[in-house]
Structure formats: C-alpha cells, structure tokens
Amino acid sequence: MSGDRRITLEASTIDEAIEEASRQMNIPADKLRAQVIKETREGFLGIFGSKKLKVEVHAIIEEDKTNLISRGIEFVNELLKRMDIKAEAKTSETDTNTVDIQGEEASDYVVGRYGDCIRALEYIVNLALRDPKNEPRIKIDSCGYRGRRTKSLERLAEATARQAVKFGKPVRLDPMASWERWVIHNTLKDREDVTTESIGEPPTRKVVVMPKFDPDNLKAPGPATMRFRAQKERTERNNSNRPRPNNQRGRFRR
C-alpha cells in the first residue's frame, strides 16, 4: 500500500477521526494511521467544554504494519500462555495484516459468545501496543470469525436499510467496533435511498441508518418522502391561513 495518501480533519477523538477518514478515503480503519497535530478545548478559558483534535490520517506503510503484527503476535502468545489456553497466534494465511489465533481451545476461549472475547482481546492488544498519538491498528481473528461476522453485518445493513425506508425513520444499531461500523457504512454507501452516520463515543459508538429523500422530487415513492411532503403541505397551509398583520395597528387616530 502506498503511504502517501493522507487527510487532515478535526474530530473529538482519534477513533472518530480514523472512522471519518476511512469513509472519505475508502480504506478500512485498521489500515490507517492517525497522528494528533493540535489539541484544543472549546469553552470558558479553554478549560471547560469539549475537546477538539486536529488529526492527520494516512495509509499505513507496509513495513510499519509488519513490525506491529510481529509485536502483536508475541504479545498475544504470551497472554495465551499466561492464561493457560491451548492456542497459538500467527500471521493469518489470508490477510498478512491480521493476527490469527488457532488451537483446540480457540473457539471456546478466544472467540466467545457473540464474539465478545475476541473484541475484548483486540481492544487489550491495541491498548497495550499503540501510541495514542500515532496509532496503527491490529486486527485479530480466530476460527474464521471475522469472515462470518462480516457477512452477518452485510445482511444486517441491508435489512436495516429496508426497515429505515419502509417506516421512514432512522434506525440505530447496537454499539460496534470500528471495523464493524466500517462494514455497515461500506455496504450501504452506494444506496440512493439511505445514508449512514456514526454517533456516540467508543466503546458505545454506533451506526444510525437514515432514510434519504430528495426534497425537490416529492413524487418519489416511500414513507420518508410521503412524510416530508405532508409536513411541507401542512406548513404551507398554516402559513396561508395565518391572518395578515394589520399595518395600521399602533398608529394614532385623528
């Protein structure tokens, strides 16, 4: 991968900056590196109020990622050894940017129910190895979990889009990891009837799927357009029935 693709933007957190850059650059979040250029606080005397970061995000050079993966494998194997879990971490055969954990106890103790354990392990590994101001990311897989999860998320994205269009209302999904949110965004990015947005702060950050309509094309089908058209007609009707102001009011009579 070329290391010259970069973008500078403002965000509240590094995760938010990486996610937005991932959408704009169409590159998975785990293949991006973020570096904080400037940090400011909005509010009284710069003490109170929300934090704003100016972040430069660029594609990771393969050499940097390879070194990080090696450190990740060493860290995970030491962790598995201390936990007395019969499994081993190595570079994935299908993705050299992923740490793959295989072994007779991997399915029970590494993946866990609904992937909770593997998400927690990925969080711990990244927390231990990443520089918070200059951070590539490590992906962890085990027993083909990420492939199955990706297909499940793609189905979820399409089903949620249909629901949002059918009822004409935004639909909020459960909190997800950054790469899972990227799958949702990427699956729906070419649809003309919905749009997606991430809200909240990690680890409760989630995707909202919203119906999209063109206000200039009120003949388009769908509950969202019908609701917008009815609201517009009601507003115009109320404005037309509103009594006109008396221009003579307040003037002195002779």
Side-chain angles (χ1 to χ4, degrees), residues 1-7 14-15 17-34 57-80 85-112 114-131 134-157 176-190 198 202-203 207:
M1 180 185 298
S2 173
D4 59 354
R5 296 189 62 185
R6 61 185 64 228
I7 185 174
I14 291 179
D15 282 336
I18 290 177
E19 184 171 339
E20 180 60 28
S22 173
R23 295 182 62 182
Q24 293 187 26
M25 300 169 71
N26 197 28
I27 298 176
D30 56 273
K31 294 185 178 181
L32 296 174
R33 178 190 292 270
V57 184
H58 63 271
I60 298 171
I61 301 174
E62 290 298 332
E63 291 76 13
D64 292 345
K65 189 69 176 182
T66 301
N67 179 55
L68 183 69
I69 292 296
S70 299
R71 293 170 55 210
I73 290 173
E74 182 179 352
F75 182 91
V76 171
N77 278 328
E78 181 64 24
L79 191 62
L80 293 172
I85 296 177
K86 296 178 181 178
E88 180 183 5
K90 57 181 67 176
T91 304
S92 171
E93 296 180 356
T94 57
D95 184 0
T96 57
N97 293 326
T98 299
V99 175
D100 191 20
I101 303 174
Q102 297 292 338
E104 57 183 280
E105 294 183 342
S107 178
D108 295 331
Y109 296 106
V110 177
V111 177
Y114 306 123
D116 292 343
C117 292
I118 200 170
R119 280 196 295 270
L121 179 60
E122 188 172 272
Y123 176 79
I124 291 173
V125 172
N126 280 290
L127 188 65
L129 300 182
R130 291 192 316 189
D131 178 351
N134 193 7
E135 37 184 301
R137 295 177 173 243
I138 293 178
K139 291 190 296 183
I140 294 182
D141 194 12
S142 182
C143 306
Y145 168 76
R146 290 182 75 99
R148 297 194 303 273
R149 177 63 172 161
T150 297
K151 292 181 180 179
S152 175
L153 289 170
E154 290 171 348
R155 293 193 296 267
L156 174 64
M176 297 178 184
S178 59
W179 74 268
E180 294 174 316
R181 296 194 301 271
W182 183 84
V183 172
I184 300 293
H185 292 308
N186 193 57
T187 301
L188 301 179
K189 66 182 177 66
D190 293 328
S198 290
V207 176

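In this chain, numbering begins with 1 at the start of the sequence shown.
Interatomic distance, CG of L32 versus CH2 of W182, reported as 10.0 Å (0.5 Å rounding). To the nearest 0.5 Å, the span separating OH on Y123 from CD1 on I138 amounts to 14.5 Å. One distance of note links CG of L121 with CG of D116; it measures 12.5 Å at 0.5 Å rounding. For the atom pair T150 OG1 and I184 CD1, the distance stands at 10.0 Å (nearest 0.5 Å). Taking CG of N97 as the start and OG of S92 as the end, the distance is 9.5 Å to the nearest 0.5 Å. For the atom pair E93 CD and D100 CG, the distance stands at 7.5 Å (nearest 0.5 Å).
Taking the side chain to side chain contact (heavy atoms under 4.5 Å, CB included) definition, one finds that D190 meets it with nothing, sequence neighbours left out. Considering only residues two or more places apart in sequence or on other chains, F75 meets the side chain to side chain contact (heavy atoms under 4.5 Å, CB included) condition with L79, I124, V125, A128, L129. Evaluation of the side-chain hydrogen bond (donor to acceptor under 3.5 Å, both in side chains) rule for S198 yields E19, H185 as partners, not counting sequence neighbours. Partners of Y145 by side-chain hydrogen bond (donor to acceptor under 3.5 Å, both in side chains), not counting sequence neighbours, listed by chain and number: R119. Remark: R155 pairs with K151, S152 by the side chain to side chain contact (heavy atoms under 4.5 Å, CB included) rule, at least two apart or across chains. Applying the side chain to side chain contact (heavy atoms under 4.5 Å, CB included) criterion to N77, with sequence neighbours excluded, gives I73, L80, E88, A89. Applying the salt bridge (charged side-chain N to carboxylate O under 4.0 Å, His left out) criterion to E20, with sequence neighbours excluded, gives no partner residue. Scored by the salt bridge (charged side-chain N to carboxylate O under 4.0 Å, His left out) test, R23 finds no partners at all (sequence neighbours excluded). Scanning for salt bridge (charged side-chain N to carboxylate O under 4.0 Å, His left out) contacts around D95 gives K139, with sequence neighbours left out. Partners of E78 according to the salt bridge (charged side-chain N to carboxylate O under 4.0 Å, His left out) rule, which considers only residues two or more places apart in sequence or in another chain, are R82.
More than 12 heavy-atom neighbours from other residues, nucleotides or ligands sit within 6.0 angstrom of CD on Q24.
Under the 4.5 Å side-chain criterion, counting only non-hydrogen atoms from C-beta, K86 is not in contact with Y109. Contact annotation: the side chain of V110 never approaches that of C117 to less than 4.5 Å [non-hydrogen atoms, C-beta and beyond]. Annotation: side chain of T91 is in contact with side chain of I69 (closest heavy-atom distance under 4.5 Å). Residues T94 and D141 form no side-chain contact, since every pair of their non-hydrogen atoms from C-beta on lies 4.5 Å or further apart. Between I18 and S178 there is no side-chain heavy-atom pair separated by less than 4.5 Å.
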Start with the C-alpha distance between R149 and E154, add both sets of side-chain angles, then the distance that settles salt bridge (charged side-chain N to carboxylate O under 4.0 Å, His left out), and finish with yes or no. CA-CA 9 Å; R149 177 63 172 161; E154 290 171 348; over 6 Å; no

Evaluate S142 against I118 for side chain to side chain contact (heavy atoms under 4.5 Å, CB included), listing each step before the verdict. CA-CA 8 Å; S142 182; I118 200 170; 4.0 Å; yes

Going through the checks in order, is the side chain to side chain contact (heavy atoms under 4.5 Å, CB included) test met by I140 and I101? CA-CA 8 Å; I140 294 182; I101 303 174; 3.9 Å; yes

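A salt bridge does not link E180 to R146: none of the charged nitrogens lies less than 4.0 Å from a carboxylate oxygen.
Side-chain N or O atoms of T187 include none that pairs as donor or acceptor with a backbone N or O of A157 at under 3.5 Å.
Closest non-hydrogen pair, S22 versus A29, comes out as OG-N, 3.6 Å. For the residue pair V99 and G72, the shortest heavy atom distance occurs at CG2-C, 4.5 Å.
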